[in-house]
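Below is one structure, written out as structure tokens; the observations come after it.
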Amino acid sequence: MRTSVLFCRCVGGYAGALLLLLWATTGYTQTGGIQGKVVDESQAPLAGASVHIAELNRQAGTNEQGLYTFTDVPDGTYVVTVSFIGYEQAEQTVTVSGSVQTIDFELVPSGENLDEVVVIGYGTTRKRDLTGSVASVQAKDFNKGVIAAPDQLIQGRTAGVMVINNTGQPGGSTTVRIRGNSSIRASNNPLFVVDGIPLSGTSARPGGRGGYGSDGGNPLSYLNPNDIASMDILKDASATAIYGSRGANGVVIITTKRGRSGTPTLNVVASTGFSNLLKKPEVLSASQFRQALQAYGLEGDSTDFGGDEYAFDAITRAAMTQNYSIDISGGNEDGRYRISAGYLDQNGIIETSRFKKYTANVSSNFRFLESKRLGLDINILAAQTDENIAPIDVGVGFTGNVISQALQWNPTLPLRGSNGELTFQSSDLRNPLTTLAAYKDNSKVNTILASFAPSFKITEELEYKLMYSLTHQAGRRTGRFIAGMINPNDINNGGAFIGNDTETNHQLTHTLSFNKEIAMDLNLNAVVGYEYLSYDTRWNSVSGTGFSDLGDIDYFDYLRYSIANNRDINSFRSPTNELQSYFARIAFNYRDRYLLTGTIRRDGSTKFGENNKYANFPSVAFAWNLSNEDFLQGNTHISNLKLRLGWGQTGNQEFPSGASKDRYIFEPQSIVQANFGNPDLRWESSSTINAGVDFGFFQNRLSGSVDYFRKTTTDALFEQTLAQPAPRGRIWVNLDGEIINEGVELALMGNIIQQENWNWNLGVNATYLENKVSGLLGYYETAQLRGQGFSGVLGQRMVSGQPLNVWYLARFEGIDPTTGTSRYQGLDGTAGTDVDPALNKFYLGSPNPKYLLGISTDVSYKRLTATINMHGAFGHYLFNNTMATVLGVNNLSNRNIGHVFFDPQAVESTSNSASPSNRYLEKGDFMKMSNLTLSYNVGNIGSAIRNLNVSLTGQNLFILTGYNGFDPEVNTDGASEDIPSLGIEYIPYPPARTFLLGINFSL
């Protein structure tokens, strides 16, 4: 008012000021406000609850005290609705007449909140309106512990989704499969979408070279799990067809946290702890080793050095971890913001390995104009990951990597001499501590993920949105090798390399969405859009050898001083990779009973031949909400019952750019054609039918779903070598035949106890999956088995009548007691030592799990809560390549052996060579305690600290399995000609068990 009076004095004196004051006062008395508090059944405030006034199209969120406020509310009667994930929606009617009305809400827990919003791609919908197979995992249900990448958050949390940690390396790669494998050569990984940005699925982290770490790392490791609000998994084609050519393997939509209206709030999350070795193959102790030497007559000064050493303890450690995350959020109805920062420092359990991550995120949402119809969303994510990578290369030869060197180390030989110097035995029998010292391998990747999305509500029912995003990654990797440490006679052959990768991706998306009740009880929700994506990848590397051993010097900083003839320079730029798409989705809802959804996407890709650049991907799905029918109204037992039926087609274009075109490579003094174009190359496509039922009983105290699916993949993309006498080179083709995935999924959630002080929830998800190939001409092989005597051996086939990656190995029939050598079964049914295992092979089982199981439960008493998550896989076979070629009895006398081969009666001869057979094929069944968390909600401390929570988490506490290797949850890369393998374990980075103490609070 003071400002108004001064203004009026300038333009007309006190009379004008008086008139203006009277007008302002009158205006003030004609508007009021609505405020209140939202709490749960125990009167604890619910932060982040959504409060909505439909008549005004206004929405607010509750702050950390559970408070909400609407100001400048015109006089009238309104319905205020409050919703919060996991609770029943509540509403009250309020009349505003020139004053502020206070309306408080107490929300009641719900077994399944059917009004929960689910992200389905280019839009959202209520869970009750879903027609496809979609699973939603909220932040409160994520796995706990040291989580380097978001795919680990949902491991074991939902039916039909398998997440395998390929390695125990911090930030290491994972294998993610939704409803199994369906492609022979193209990628089987799902599409990950972050806040509407479809990711490439690749990383700018450069690869290693011989002897350096070979794991490719996780391309999602730059994301901070504390920034993620929810992950929605689209599983069937009726749900994924909106993503067309990239939806064949399912879609995982990651939604990050956003700012909430209210006063600024600072949230702090911190944890620290340590990790140690979870499980390792059993090798002989020093005393057992001496018994073995004696049994075989090999004892002597050159085999028994009098010590007692366990080398694996020397290369592993209790590794410390610390993780911190803070965020600030606030704003009002016109503008909200959230700013966050995170820091993860995870030491690996193998000495010298380490993973560090720095993240920052800024997101904001603005509404402009008096009508608030103009909106603008801005999101910027920046991250840097730094790695010290242990020398664990699965492609090494007889000398092995640091894991095999430790397992094989003679337990009677000390690793260090009397003066502390590292023991040198020979260049072939490497001291694992020497290997750790000789190699230095560092990687750094910087990532920016930014999006700019203006929108405008043309009418209350029609909204246009434009989204532009940029994803840029730059990676650098440096490595050096001091040869003289490994072999004193090789001091002038040190090596080093530098690798640089960059990836830049652009996205431009236009959408027009419509949502209106177009007739009595008939609602139409539709979206149409256009999208353009481009991907650009480049890399270069330089390496050199011939460095003298001058101590701990980073040779990669002095590559010009390597021997000129030993330098290697490489560079690459990917061919044009662009995707142009048109898409539409229309959904009808009649009386909340009959739901119909249709989707169509037309994709055009530069990857395909001129005759097949474009393809259409349609889907249709129907759902019937029986629980809304008159004959079930008022039923006290059935809270929800819905039938779903859907069909759709999706595509797969995850193969190299430029594959359909003539391509050439530079060779010394010449240019050679390496790839021959195929203008008729078609899209690999998958058709899926899905039938499901969603149910809820006893006020949704028991809820869940059952789904049956059958997915058929045709026109598999494959790279073939041209048959002679054609010119030397390769060509991409579409294979005849089908890959069929068929199965059943079950998800159950029960609220077993719901009392004032006690609460117990139990969730179970289970999947049965059958995979097979039919109509494929001939066979294709993959799965490189490594180690002494296994060079060039492939252990899996793609062949009709069998599952993908079926094991194709010799059948082991035991040890002949007279000769001590292996007996194998011949194709004619006979068995003996004279049967050649290389020429007599059989199909011996699948590496694809037939059953997946996840169990989660939480029990709370007052402020104390215990949360347990377990996951497992069953019905598959793994090849223990470590046991086959690293720990066999033929290691004696100078190397250690596996405990399973220890036989004091010395039945097996030390000259018995290992062969690829089912002797080393083991059942991969396991059940793992993923994480267990005990947390105590201290509550508020004074007027500053709010919602203080203290927790203790154990991650990978134990595993129930009969497998003899490191961990049945493993997948060492054995791809051949880029045909993926599955189910091999070969001297990997071992798994870790972790204990964390955590604290989080708000200010």
Side-chain angles (χ1 to χ4, degrees), residues 119-125 132 187 189-202 232 234 237-256 375-379 449-456 458 462-472 503-514 525-537 574 576-587 597-608 612-619 648-655 657 683-685:
V119 181
I120 55 173
Y122 308 101
T124 60
T125 188
S187 172
N189 290 326
L191 170 66
F192 284 86
V193 180
V194 177
D195 292 330
I197 304 173
L199 305 182
S200 67
T202 58
D232 297 284
L234 315 185
S238 67
T240 63
I242 193 70
Y243 288 101
S245 62
R246 305 191 64 192
N249 301 311
V251 180
V252 179
I253 300 177
I254 299 174
T255 303
T256 61
L376 177 63
D377 295 349
I378 300 175
N379 189 29
L449 192 70
S451 64
F452 176 84
S455 61
F456 184 74
I458 301 170
L462 187 65
E463 182 175 21
Y464 164 76
K465 184 174 183 179
L466 166 69
M467 181 175 185
Y468 168 75
S469 73
L470 168 70
T471 305
H472 178 74
E503 180 177 323
T504 304
N505 307 325
H506 298 271
Q507 173 199 11
L508 183 65
T509 303
H510 301 268
T511 57
L512 190 63
S513 56
F514 179 82
N525 190 321
V527 62
V528 295
Y530 166 83
E531 186 166 73
Y532 169 79
L533 302 166
S534 70
Y535 301 92
D536 181 81
T537 302
S574 65
T576 301
N577 182 3
E578 297 175 332
L579 188 70
Q580 179 175 259
S581 308
Y582 306 88
F583 56 88
R585 179 178 58 228
I586 186 168
T597 303
T599 303
I600 182 72
R601 182 168 181 133
R602 181 171 175 80
D603 279 340
S605 173
T606 57
K607 289 186 175 183
F608 289 93
N612 290 295
K613 276 191 176 296
Y614 282 86
N616 299 321
F617 302 99
S619 76
Q649 287 185 329
T650 50
N652 194 339
Q653 59 126 33
E654 299 306 310
F655 70 111
S657 181
W683 301 67
E684 179 175 307
S685 62

- Message: Does Leu376 form a side-chain contact (heavy atoms from CB on, under 4.5 Å) with Phe452? I'd like the steps, not just the answer.
- Response: CA-CA 8 Å; Leu376 177 63; Phe452 176 84; 3.5 Å; yes
- Query: Run the side-chain contact (heavy atoms from CB on, under 4.5 Å) check on Met467 and Ile197 step by step: do they pass?
  - Reply: CA-CA 9 Å; Met467 181 175 185; Ile197 304 173; 3.5 Å; yes
- Query: What pairs with Val527 under side chain to side chain contact (heavy atoms under 4.5 Å, CB included), at least two apart in sequence or on another chain?
  - Reply: Thr511, Ser513, Arg585
- Message: Can you give me the closest heavy-atom contact between Thr256 and Val194, atom names plus distance?
- Response: CG2-CG1, 4.3 Å
- Residues forming a side chain to side chain contact (heavy atoms under 4.5 Å, CB included) with Tyr530, sequence neighbours excluded: His510, Tyr532, Gln580, Tyr582
- Query: Once you round to the nearest 0.5 Å, how far does CG of Leu191 lie from CG of Asn652?
  - Reply: 10.5 Å
- Heavy-atom side-chain proximity of Val193 to Val251 below 4.5 angstrom: yes
- Taking it one step at a time, do Ser455 and Glu463 satisfy side-chain contact (heavy atoms from CB on, under 4.5 Å)? CA-CA 7 Å; Ser455 61; Glu463 182 175 21; 3.5 Å; yes
- Please report the shortest heavy-atom distance between Asn577 and Ser657, naming the atom on each side. CB-OG, 3.5 Å
- Item | From Ser200 atom OG to Phe192 atom CZ, the distance as rounded to the nearest 0.5 Å | 12.0 Å
- Task: Determine whether Ser451 and Tyr468 make a side-chain contact, defined as any pair of heavy atoms from C-beta on separated by less than 4.5 Å.
- Result: no
- Distance-only side-chain donor-acceptor flag, Gln653 / Ser245, under 3.5 Å: no
- Is the backbone of Thr537 close enough, under 3.5 Å, to the side chain of Ser574 for a donor and an acceptor to pair up by distance? yes
- Which value, rounded to the nearest 0.5 Å, describes the distance between Ile586 atom CD1 and Ile600 atom CD1? 13.0 Å
- Item | From Asp195 atom CG to Ser469 atom OG, the distance as rounded to the nearest 0.5 Å | 10.5 Å
- Within the 6.0 Å centroid threshold, strictly below: Phe583 and Phe617: no
- Walk me through it: do Tyr614 and Phe608 pass the test ring pair (Phe, Tyr, Trp, His ring centres under 6.0 Å)? CA-CA 8 Å; Tyr614 282 86; Phe608 289 93; over 10 Å; no
- Message: Determine whether a donor-acceptor pair (N or O, by modelled atom type, separation under 3.5 Å) exists between the side chain of Trp683 and the backbone of Asn616.
- Response: no
- Find out whether Asn249 and Asn189 are in side-chain contact, i.e. whether some heavy atom of one side chain is under 4.5 Å from a heavy atom of the other. no
- Query: Stepwise, does the side chain to side chain donor-acceptor pair (under 3.5 Å) test hold for Thr504 with His472?
  - Reply: CA-CA 4 Å; Thr504 304; His472 178 74; 2.8 Å; yes
- Grab the two heavy atoms, one from Ser619 and one from Ala237, that are nearest each other, plus how far apart they are. CB-O, 3.8 Å
- Side-chain contact, heavy-atom cut-off 4.5 Å: Gln649 with Pro618? yes
- Item | Nearest-0.5 Å distance, CG of residue Leu470 to CG of residue Leu449 | 8.5 Å
- Under a 4.5 Å cut-off applied to non-hydrogen side-chain atoms, are Tyr122 and Ile242 in contact? yes
- Task: Using side-chain hydrogen bond (donor to acceptor under 3.5 Å, both in side chains) as the criterion, list what pairs up with Thr509, not counting sequence neighbours.
- Result: Gln507, Glu531
- Does a side-chain heavy-atom distance below 4.5 Å link Thr606 with Leu579? no
- With sequence neighbours left out, what residues match Leu512 under side chain to side chain contact (heavy atoms under 4.5 Å, CB included)? Ile458, Leu462, Tyr464, Val528
- Task: Just jot down the side-chain hydrogen bond (donor to acceptor under 3.5 Å, both in side chains) partners of Ser581, sequence neighbours excluded, or say none.
- Result: Arg601, Asp603
- Message: Less than 4.5 Å apart, side chain to side chain, heavy atoms only: is that true for Arg246 and Pro198?
- Response: yes
- Task: Using the test salt bridge (Lys or Arg N to Asp or Glu O under 4.0 Å), find all partners of Glu503 that sit at least two apart in sequence or belong to another chain.
- Result: none
- Task: Please report the shortest heavy-atom distance between Thr597 and Ala587, naming the atom on each side.
- Result: OG1-CB, 3.8 Å
- Message: Pair Asn505, Leu533 - check side-chain contact (heavy atoms from CB on, under 4.5 Å), show working.
- Response: CA-CA 7 Å; Asn505 307 325; Leu533 302 166; over 6 Å; no
- One should read off an interatomic distance between Lys607 NZ and Tyr535 OH, to the nearest 0.5 angstrom, of 8.5 Å
